[in-house]
Amino acid sequence: MALPKAVRTTVADTTLAPGYRRLVQVALASALVLLALAAFDLARLTLEAKSALDSIADVRWQVADGAIDVAGLRASSSTLESATARLAEVERGLNRYRPALGLASLIPPVARRTEEAQGLLAIYLELGSAAATSLNLAAGLVDRLTSGGDSPNEPLLSLVAALNAERATIRDQLAGVERASRRLDALLMSAGTLLDERRTATLRSAIETQRTALQAALLAPNALGSPTPRRYLLLAQKSDELRPTGGFIGNVAFVTVANGELRDLTYLRSYLVEDPTRPRVPAPPPLRRYQGMRDWNLRDANWHPDFRTSADEIQRFLALNSVEPVDGVLAFDQQALGILLAAIGPVEVPGHQVRVTTANAYTVLEHFAHSTGDRRAWFSERPFYADLTPALLDSIARRLRSDPGTVMGAVQAMVAEKHLLAAFEEPGMQRLVERIGAGGRLPAATDDLVYIVDAQVDHGAPFRAIEQTIHYRADPTSGQATLLIDYVNKNSPANADTRLADYLRVYVPAGARLASVSGLTDPQRARQVDGLTEFAGFLDLPAGQRQRVRFRYWLPPHLPARWSASGYVLSVPKQPGTDGHRLLIQTPQQRIFEGRLATDLTFRSPRA
């Protein structure tokens, strides 16, 4: 390797004696040899770091794709501990060459690369350590769940006890994840151009996943009534009579949880919560106009498409009816029961001579729990859910002991498909449910957005036989957009209460301008709602008929300008209570998606 010109000149021009000159030359040669050895060692350390990171990646996929079992979790934890130890050794190795790295950092590009490498190493060390501890903790929790007693409350009691015992450890690991997050933010600010988008997204995803898991572990005992009992309101929503948050509220339940034990579970018909002497509340205009509803009640309080807002409205109705406030509101629909039964198996319901399965869950609920079924069952003093719930809890406890992964997978499916929503008064729990997608929040729109919300505003439950197809075409260059929604009412005209009386709302980015609308019986003026533009109107569709609703509009002008630089982004949230409408997304350049809207979807395409 040739010496730099400045060095050659200095050596050539020196007035040192020949012996000293020779000594300087030997020193420079030795330094070059040492730098070469250091470079070789640094290369070895880089390969060792890559090997350790590959081990971490393998664990991530094993945990994501594999079944939940104690041995697998502990093996993954051991692998992560080993990989983290190797990364720590790499860090110690790098510290040996800190003076050389400091000298190399005088060159700006090398400085940025060095800063990036050291920052990334510290981030991976924090995340690897937290993940190893988390997996080991999860193994302990699964071990407790699968070795508990026969009581239906035993799994939750064991969970609360275990999480309380590990609280200090969980806090320490969460602090490590937060340090990793701050390191990444600092790294992106100082050397952001050197970190590619894919790696940045991967790191942010890993940080967010671990943060969510650890915060859930910290907050779970509190939510399960430790040390203070918690009281919750459960809403049984009937999705065939679709409402913005999932369906008409036919039944409710109040439950108290203390140290993981369910107490004081009380089911009521939703109308029985109402105090006839309370002050009257005017119904929202669409319910007044199309259903003739004058007074607003708790059973219709989920009118706002944002579940947090609807939950707040429900709390106000509880206060109006002199009912004590609750610590949270949880809502589920018929599909949630079907998903749960697929995981735990059929359930015998005492006192009703019925065996509820995935195949007959809808029919059983219609007969016993909803007003469209057996009127004697509907007006009975003891709702069907009051007998179904203890049987479900017993089956869930047994399944948790034998196969916790299946039960957890069912809960994840209910949340992802929006058949289970939650709103909590405690801010930390509220942030957590929003982070995992169970908050049912009205989405924000930083890019393109299409959120379709249907609501039955007349008596009847036609939505089980309503076929809906959504076709969205957007031009990211010009900002022109067309939304087509095809409705087919497949109910039989011979059946009662099968007319679709739908108050349709479509939410798009704020500032969008409606050009034309067709197909609605009574279209409304566009308006701005919660940072979005709302298109709305009434659709009257008798049984056996079909109708196409069309919206043509212009997206706000700042979006095409952004997409020309960064690429088109579209979010299509799924309405709670719906069951996978057909969806087609197109731009002039390509067909982006064709399939089912079973969960919230986000699409990205290259620059316009």
Side-chain angles (χ1 to χ4, degrees), residues 60 63-65 68 73 127 130-131 134-135 137-138 141-142 145 155-156 159-160 163 170-171 173-174 177-178 180-181 201-224 230 232-235 237 245-246 257 260 305-311 327-333 335-336 339-340 343 396 400 404-444 451 571-578 597-602:
R60 180 169 58 86
V63 173
D65 299 336
I68 297 178
L73 288 170
L127 294 180
S134 299
L135 288 172
L137 173 62
L141 294 176
V142 173
L145 286 174
L156 292 182
L159 184 68
V160 169
L163 291 175
I170 297 168
R171 284 188 183 280
Q173 299 310 315
L174 182 57
V177 172
E178 297 301 345
S181 180
T202 300
L203 283 172
R204 288 213 182 280
S205 175
I207 289 169
E208 190 63 22
T209 297
Q210 291 201 43
R211 177 188 284 137
T212 300
L214 290 167
Q215 286 180 340
L218 274 181
L219 292 168
N222 191 333
L224 294 171
R230 299 293 175 184
Y232 298 112
L233 174 64
L234 310 182
L235 309 177
Q237 298 188 121
T245 70
V257 186
D306 182 90
F307 186 69
R308 171 75 263 175
T309 303
S310 283
D327 296 296
V329 180
L330 291 85
F332 60 92
D333 58 23
Q335 291 95 320
I339 293 170
L340 184 60
I396 291 169
L400 276 172
T406 299
V407 178
M408 294 176 191
V411 174
Q412 288 177 334
M414 285 187 269
V415 169
E417 297 174 22
K418 290 189 171 178
H419 301 305
L420 175 63
L421 303 177
F424 290 91
E425 296 305 300
E426 201 278 314
M429 280 300 301
Q430 180 61 31
R431 287 193 296 270
L432 179 64
V433 297
E434 290 178 14
R435 190 174 295 126
I436 66 175
R441 298 305 305 261
L442 191 64
Y451 185 32
S571 295
V572 186
K574 173 186 184 288
Q575 181 183 355
T578 58
L597 183 57
T599 63
D600 290 349
L601 298 175
T602 299

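If you're wondering where the values come from, they're calculated on a predicted model, not measured in any experiment.
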*Asks:* Any side-chain heavy-atom pair from Ile396 and Val407 closer than 4.5 angstrom?
*Replies:* yes
*Asks:* Measure the CD-CE distance between Gln215 and Met429 for me, rounded to the nearest 0.5 Å.
*Replies:* 11.0 Å
*Asks:* Between Arg431 and Glu434, does at least one N-O distance fall below 4.0 Å, as a salt bridge requires?
*Replies:* no
*Asks:* Answer yes when Arg230 and Glu426 have at least one side-chain N-carboxylate O distance shorter than 4.0 Å, and no when they do not.
*Replies:* no
*Asks:* Between CG of Leu137 and CD of Gln173, what distance do you get to the nearest 0.5 Å?
*Replies:* 9.5 Å
*Asks:* Between the side chain of Ser205 and the main-chain N/O of Ala201, is any donor-acceptor distance below 3.5 Å?
*Replies:* no
*Asks:* Show the nearest heavy-atom pair for residues Gly439 and Phe307, with the distance to one decimal.
*Replies:* O-CB, 3.4 Å
*Asks:* Which of these, Leu432, Leu224, Leu214, Val433, sits in a side-chain contact (heavy atoms from CB on, under 4.5 Å) with Leu219?
*Replies:* Leu432
*Asks:* Do Glu425 and Arg308 meet the salt-bridge criterion of a basic N to acidic O distance under 4.0 Å?
*Replies:* yes
*Asks:* Once you round to the nearest 0.5 Å, how far does CD of Glu208 lie from CZ of Arg435?
*Replies:* 5.0 Å
*Asks:* What pair of heavy atoms forms the shortest contact from Lys418 to Asp333, and how long is it?
*Replies:* O-OD2, 4.3 Å
*Asks:* Taking atom CG of Leu420 and atom CG of Leu340, what is their separation to the nearest 0.5 Å?
*Replies:* 10.0 Å
*Asks:* Give me the atom names and distance for the closest heavy-atom approach of Tyr451 to Pro443.
*Replies:* CD2-CD, 3.8 Å
*Asks:* Going by distance alone, is a donor N or O of one side chain under 3.5 Å from an acceptor N or O of the other, for Gln237 and Thr245?
*Replies:* yes
*Asks:* To the nearest 0.5 Å, how far apart are NE2 in His419 and CZ in Phe332?
*Replies:* 13.5 Å
*Asks:* For the pair Leu597 and Thr578, evaluate side-chain contact (heavy atoms from CB on, under 4.5 Å) and give the outcome as yes or no after the intermediate values.
*Replies:* CA-CA 9 Å; Leu597 183 57; Thr578 58; over 6 Å; no
*Asks:* Answer yes when Lys574 and Asp600 have at least one side-chain N-carboxylate O distance shorter than 4.0 Å, and no when they do not.
*Replies:* no
*Asks:* Which atoms form the tightest heavy-atom contact between Ile170 and Leu218, and what is the distance?
*Replies:* CG2-CG, 3.6 Å
*Asks:* Ignoring hydrogens and geometry, is there a side-chain-to-backbone donor-acceptor pair from Thr209 to Ala206 under 3.5 Å?
*Replies:* no
*Asks:* Heavy atoms only: give me the nearest Gly260-Leu156 pair and the separation to one decimal.
*Replies:* O-CB, 3.0 Å
*Asks:* Taking Gln430 for the side chain and Phe424 for the main chain, is one N or O donor matched with an acceptor at less than 3.5 Å?
*Replies:* yes
*Asks:* Please examine the side chains of Arg211 and Ser181, heavy atoms only from C-beta on, and report whether any two atoms are closer than 4.5 Å.
*Replies:* yes
*Asks:* Before you tell me yes or no, could you show the steps for Tyr232 and Leu330 under side-chain contact (heavy atoms from CB on, under 4.5 Å), namely the whole-Å CA-CA distance, both residues' side-chain angles and the distance that decides it to 0.1 Å?
*Replies:* CA-CA 7 Å; Tyr232 298 112; Leu330 291 85; 4.1 Å; yes
*Asks:* List the atom of Leu163, the atom of Pro221, and the distance in Å for their closest heavy-atom pair.
*Replies:* CB-CG, 3.7 Å
